[in-house]
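By convention in this document, chain letters (A, B, ...) are assigned in the order of the sequence lines, proteins followed by strands, and residues within each chain are numbered from 1. This is a predicted model, so every value here is computed, not measured.
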Amino acid sequence: NAGVTQTPKFQVLKTGQSMTLQCAQDMNHEYMSWYRQDPGMGLRLIHYSVGAGITDQGEVPNGYNVSRSTTEDFPLRLLSAAPSQTSVYFCARFSLPRRSTGELFFGEGSRLTVL
Amino acid sequence: KDQVFQPSTVASSEGAVVEIFCNHSVSNAYNFFWYLHFPGCAPRLLVKGSKPSQQGRYNMTYERFSSSLLILQVREADAAVYYCAGDDCYNTDKLIFGTGTRLQVFP
């Protein structure tokens, strides 16, 4: 799993419910990110973090919150799920501990369905 | 808006050389990255760089704003989605991905 573990792998929510997608890495790397994958849209960056206590928005941040209290964990929160958030979510880290390299190691994804 | 463009589908016969083209409008991007994604699995990097390069059966061509991924002796097992991406050298924390190319391989 390239040192990136995502849970849960599958989740069904009703509109308006909240949930957190968990992501953990065991490589002590500073950079972590969340992408969503949708047919015809590719991989789009939601939020990313370059270290504990530091987060920033990506291309499609609306409807999602993140925090980075530790280097290991980077949870993605949906406060009020909407059908438009039905997607496959990928967490990723860069290949080097403290530098962006372009080589991302992805988790295996979390498939979320919002009814 | 910074964007990366690639065809939605490419079809090939088994054993052929298949080419997937990519170009971008990211003014500060100098590197291309090609990722392979099988549904249900994690996407993984195939080849990258700011010059032509090769990794096994995967060749990457390079021009300033375009790149092609060439897969030699393509197999049915290569059927997957291939993503092209570029990075912004002024914000290397962000990779900009294309919409993905679904490769179909016919026997």
With a strict 4.5 Å heavy-atom criterion, list every residue of residues 77-86 of chain B that contacts chain A, or say none.
B:Tyr83

Applying a heavy-atom distance below 4.5 Å, give me the residues of residues 96-107 of chain B that approach chain A, sorted by number.
B:Phe97, B:Gly98, B:Thr99

Atom pair NE2 (B:His37) and CG (A:Leu43), whose distance is rounded to the nearest 0.5 Å:
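These two atoms lie 7.5 Å from each other.
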
Here the gap from A:Glu103 atom CD to B:Leu95 atom CG, rounded to the nearest 0.5 Å, amounts to 10.5 Å

Can [Y] be reached from [X] by stepping across I, L, V, M, F, W or Y side chains whose heavy atoms are under 4.5 Å apart?
X	Y	value
B:Tyr35	B:Phe5	no
A:Leu79	A:Val114	no
A:Phe94	A:Met32	no
B:Val18	B:Leu46	yes
A:Val88	A:Val66	no

With a cut-off of 6.0 Å (strictly less than), are more than 12 heavy atoms of other residues, nucleotides or ligands near CD of B:Glu63?
no

Mark yes when over 12 heavy atoms from residues, nucleotides or ligands other than B:Gln3 sit less than 6.0 Å from its CD; otherwise mark no.
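Enclosed: over 12 neighbouring heavy atoms sit under 6.0 Å from CD of B:Gln3.
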
Between B:Leu45 and A:Phe105, is the side-chain contact (heavy atoms from CB on, under 4.5 Å) condition met? List the steps.
CA-CA 8 Å; B:Leu45 182 70; A:Phe105 286 108; over 6 Å; no

Can you pull the disulfide bond (SG atoms under 2.5 Å apart) pairs that have at least one residue in residues 6-81 of chain A, sequence neighbours excluded?
A:Cys23-A:Cys91

Can you pull the disulfide bond (SG atoms under 2.5 Å apart) pairs that have at least one residue in residues 31-64 of chain A, sequence neighbours excluded?
none

Closest approach of B:Ala42 to A:Gly107 (non-hydrogen atoms, all atoms of both residues)
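It is CB-O, 3.1 Å.
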
Non-hydrogen atoms of B:Pro43 and A:Phe90 that approach each other most closely
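Heavy-atom minimum between the residues: CD-CE2, 3.6 Å.
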
Using non-hydrogen atoms and a 4.5 Å limit, figure out which bit of A:Gln6 sits close to chain B: side chain, backbone, both or neither.
neither

Highest number of heavy-atom pairs under 4.5 Å with chain B among A:Gln37, A:Arg111, A:Lys9 belongs to A:Gln37

